[in-house]
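Report on one structure; see the data block that follows.
Proteins come first, then strands; the chains are lettered A, B, ... in the order of their sequence lines, and each starts at number 1.
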2 protein chains.
Amino acid sequence: MWLKTLYFALLFLSLGQIAQRAYAQPQVEKWGRFELTLKGPESGNPFNDVLLAAEFSKGAEKVKVAGFYDGQGVYKVRFMPGSLGEWQYRTVSNTKSLNGKTGKFECIVPSADNHGPVQVADTYHFKYADGTRYYPFGTTAYAWTHQPEGLEELTLTTLKSAPFNKIRMCVFPKYYANVENEPRYYPFEKKDSTATPTGRVKFTWDFSRFNPAFFEHLEKRIDDLNKLGIEADVIIFHPYDKGRWGFDSLGKENDLNYIHYLTARLSSFRNVWWSMANEFDYIKTKPREVWDVYSKAVVAADPYHHLNSIHNGSVYYDNWKPEFSHVSIQNGSAVDGFGKAVLLKDVFFKPMLYDEVCYEGDLPQRWGHLSGEEMTEAFWQGTIAGTYVTHGETYKNPGDTIFWAKGGRLVGKSPARIGFLRKIMENAPGPLELADPWKDNCTATANSSYYLIYLGKDMKPEWELSLPNKAGPAPGKKFRIELIDTWDMTITVLPEVFETQRADGYRIFDKNRKSIRLPMKPYLAIRLTEI
Amino acid sequence: MWLKTLYFALLFLSLGQIAQRAYAQPQVEKWGRFELTLKGPESGNPFNDVLLAAEFSKGAEKVKVAGFYDGQGVYKVRFMPGSLGEWQYRTVSNTKSLNGKTGKFECIVPSADNHGPVQVADTYHFKYADGTRYYPFGTTAYAWTHQPEGLEELTLTTLKSAPFNKIRMCVFPKYYANVENEPRYYPFEKKDSTATPTGRVKFTWDFSRFNPAFFEHLEKRIDDLNKLGIEADVIIFHPYDKGRWGFDSLGKENDLNYIHYLTARLSSFRNVWWSMANEFDYIKTKPREVWDVYSKAVVAADPYHHLNSIHNGSVYYDNWKPEFSHVSIQNGSAVDGFGKAVLLKDVFFKPMLYDEVCYEGDLPQRWGHLSGEEMTEAFWQGTIAGTYVTHGETYKNPGDTIFWAKGGRLVGKSPARIGFLRKIMENAPGPLELADPWKDNCTATANSSYYLIYLGKDMKPEWELSLPNKAGPAPGKKFRIELIDTWDMTITVLPEVFETQRADGYRIFDKNRKSIRLPMKPYLAIRLTEI
């Protein structure tokens, strides 16, 4: 891959003059996808033999992107324009029929639901490229794109009314308990197949030839998600293969070719996030050192710098490395009580996503049997600490699929509550942080006129109006008090008003030291908004 | 400093032949201190003008060490030999009378209480250089070496019978509430002094001239600690100056000269640890970038690679950087309950020291008013998570000093309990780790024949004999059960025997599913040792 990069760099320097016209869409909206289709050689191994790239330019703005072979003599170059106006392009290739193609298109104003790709904002949080806040409320369906058509469509129907705006999903098919079916498409060209004694078909592959239909299908599903406003957290490698297909054991050269091909196809999709791996440390065929190479390869190949992370099993990767835009942590214990989520958040100076915190469900395994209450609690614990939590569902009902594995229906109790929390967040003036981290584990603030206090499992008959002095409001401010029932999903405006007094210590109290009565229920929260 | 290093490198290459004999101790024990004293120029500024170093060699072993000016025309070179046998040395200097001095000494077997410097072992733990386990049980007395003679001696008397084997202490004097006195010695030569309107004397300094008496005194105290088996966690910079002396604002060149001088004097002390700073982020005169330069300078100047860390205020430094041997964290909330200390431990792949977790005492500030129970709880929480916790005491009694500030007497309730825990650790077969991290927050193990289960604040009438399957013992093993009262400091052997059965899930139970009765007291622990 590095040789290819060098080769392209030289091409760009030397082949500027040889220009032929080519045609594609005349208009593309900002952060939309421009696609140039070219005809080229079918003989030999075009995946290996043909190098294709293009430079897109608009005045001083220049973006170099890799093209790819899409089978049957068709080559494509995709581009996501990030600014309005006329863009020009010129291809470079080691193949005459693909080299020096030029053209232009107009980048027009994006449509209303197109906010651009998600980016890091304010160190620990996110915004879309157009500045709109994005609070990740993710779910998990690792193998949903490897299912029968009808099931995939059902998943999309489910997601349409679910509260999730991100989904963790694997490129490669998954072989694991509850996900044992063959996928409809395979990423590589089949060389041969033999029946094993157990009746299963064992394939051999040509890892030097990709299967364009596989990727086309994946792309369709990513576009389907985009229409629903859902970010695709695309998992590049995973350990759930166990010799079934061998996609976890391609070897370093094939791994890098795959990264090159995948990024060439997908980088122009605005809702793509890269997840280098799920449970990277459980992929025993890849030593720890190689993730440095692979993550650098992804970053180098993606001209748009989509979000990138690496997800752990029981051992963390070096999440502070600059290739990672945010931290994607598996650790349910970090969000199962007060004062824990913030401990890891403070280490990395990046957004913290708890991307696996066990799942709501009834599997015998402890990672798959959270109650709805526990899953909801994890979201609240993560949210008030200024971090983000990802959902998954593992109920095993007869005749049903398991959403976490194959997609399908959601039957759990947490999604509605997660949607309720998402609305609260989207109505907040900005992202949350603990006001007085390490000391007050339950009071989050967006700014000095907005506080969200989560009371957790413990029930208290009353709560004394109080805020930490640190990041607290000035004296003499008045706050509306709302009692939030995070389980019953109600918000009740209380008749009392909280009037702040000057603090004489670490806390700010009401000027009359008022308390409010609480119902004897768990999972309450209090929202204080300056009047 | 880098120029100096280069200069020495060239000297070593070119001046090999010019050799004169010099005399020092004929015998030094392994990890003891060899000291060569030479006479040289007094004129000019010997701290700046004279460069002195020496190479010590024994066969293929070669160690280059910096010398230093000790005032009154005296120059010294110190060396800590790490292997037995005859060592030879040769000085190099830009000053003729100091250059080419050669000699030899014999490194002899260390005395019984000399185990060498402490080093990292087993990723998260420590050993002395001779292989003896070292479990840090530290305390804090930031300014104890800047007090009147009698108080310093009292501190040593206190430490002699206290349970601590490490102490955090500042090189520079400290100016803070409860530590406002002038020190006996200053690290730099005084240029001038003027009385301020408040009656305090304001000094001006020649930062290019060190005060050898200051460092000689510091060294005596570090040696005093060594005699007591206490490691000196030497804090190189700290923010507690506020314009009083200006030692937090020397500027980069003077800071680096100070590092060079300090490491030249102290690197040969086997009980020295480097702490780049206390609350580095509160030293507003030093931007974050500079700590990279300073920590690299310390590592480069210390040929023995003493332990090195950097301690934070409210923002962590990049503890994963290779200059740091271990993580020195201020965060009391990480050890105030179950399942928290391990969260940070898993991030860095280094020993984790919670070097400030608030202090036992009665100051109005929340960082200075832990109860003895809370301080003891912090130690147990850290210990069972495979991390290490540091003590400090801030009781303010009339006529007494505050140990955390000036040293003196310890009056708190936690030291005895910390000593009790230290004995338990030193009787364990090895360092502890959580057996089933992120899932079972209270069961630590040293190996499959030793488990230590901490029950914390909550009181339970009984406890079912049980261990996690992960890192658990084989079936059919028998364990002695001891009930530990961590507060009353008693260990009771119970009549029951725990006979392990094959696990059918995540837990191993007794073959008869036995439970043990517990007294209704908090802060109990259970020790299971294979019979």
Side-chain angles (χ1 to χ4, degrees), chain A residues 123-124 281 288 312-322 327 329-350 352 354 356-358 363-369 381 385 387 433-434 436-442 468-471 504-507, chain B residues 123-124 281 288 312-322 327 329-350 352 354 356-358 363-369 381 385 387 433-434 436-442 468-471 504-507:
Chain A
T123 307
Y124 298 105
D281 46 322
R288 191 172 171 103
N312 64 285
S314 49
V315 175
Y316 298 138
Y317 195 65
D318 305 328
N319 286 296
W320 52 80
K321 291 190 169 167
V327 182
I329 285 283
Q330 168 171 196
N331 190 345
S333 87
V335 288
D336 69 1
F338 284 105
K340 298 174 83 177
V342 69
L343 290 176
L344 286 178
K345 172 180 182 258
D346 287 334
V347 169
F348 295 109
F349 306 100
K350 293 178 182 181
M352 172 62 70
Y354 290 107
E356 193 176 334
V357 297
C358 304
L363 294 187
Q365 293 88 341
R366 59 190 181 183
W367 52 259
H369 69 183
Q381 287 292 355
T387 70
E433 303 285 349
L434 286 172
D436 190 2
W438 308 353
K439 300 294 182 184
D440 177 336
N441 294 317
C442 66
N469 195 16
K470 194 168 174 188
D504 58 357
Y506 294 105
R507 302 293 298 183
Chain B
T123 307
Y124 298 105
D281 46 321
R288 191 172 171 104
N312 64 286
S314 49
V315 176
Y316 298 138
Y317 194 64
D318 306 327
N319 286 295
W320 53 81
K321 291 190 170 169
V327 182
I329 285 283
Q330 169 170 196
N331 191 343
S333 87
V335 288
D336 68 1
F338 284 105
K340 297 174 83 177
V342 70
L343 290 176
L344 286 178
K345 173 179 180 258
D346 288 334
V347 169
F348 295 110
F349 307 99
K350 294 178 182 180
M352 173 62 69
Y354 290 107
E356 193 174 335
V357 297
C358 303
L363 294 186
Q365 293 88 343
R366 59 189 181 183
W367 51 260
H369 69 183
Q381 288 291 356
T387 70
E433 302 286 349
L434 286 172
D436 189 4
W438 308 352
K439 300 294 182 183
D440 177 336
N441 294 318
C442 67
N469 195 15
K470 195 169 174 187
D504 58 356
Y506 293 106
R507 303 292 299 181

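- Of the inter-residue distances, the one linking A:K439 atom NZ with B:C358 atom SG reads 3.5 Å to the nearest 0.5 angstrom.
- Heavy-atom distances place no part of A:Y317 under 4.5 Å from chain B, backbone and side chain included.
- Between the CH2 atom in B:W320 and the CG atom in A:N319 there is a gap of 9.5 Å [rounded to 0.5 Å].
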Derivation and outcome, ring-ring contact (aromatic ring centres under 6.0 Å, His included), residues B:W367 and A:Y506:
CA-CA 11 Å; B:W367 51 260; A:Y506 294 105; 9.5 Å; no
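- Of all the listed residues (A:S333, A:G505, A:P364), the one sharing the greatest number of non-hydrogen pairs under 4.5 Å with chain B is A:S333.
- The candidate with the highest count of non-hydrogen atom pairs below 4.5 Å against chain B, out of A:V347, A:D318, A:N312, is A:V347.
- With chain B as partner, the option from A:Y316, A:F349, A:W438 having the largest number of non-hydrogen pairs under 4.5 angstrom is A:W438.
- When each of A:V342, A:D346, A:N331 is checked for heavy-atom pairs under 4.5 Å with chain B, A:N331 comes out on top.
- Contact detail for B:L343 and A:L344: the closest heavy-atom pair is O-CD2, 3.3 Å.
- In this structure, CZ in B:R366 is found 4.0 Å from CG in A:D436, a value given to the nearest 0.5 Å.
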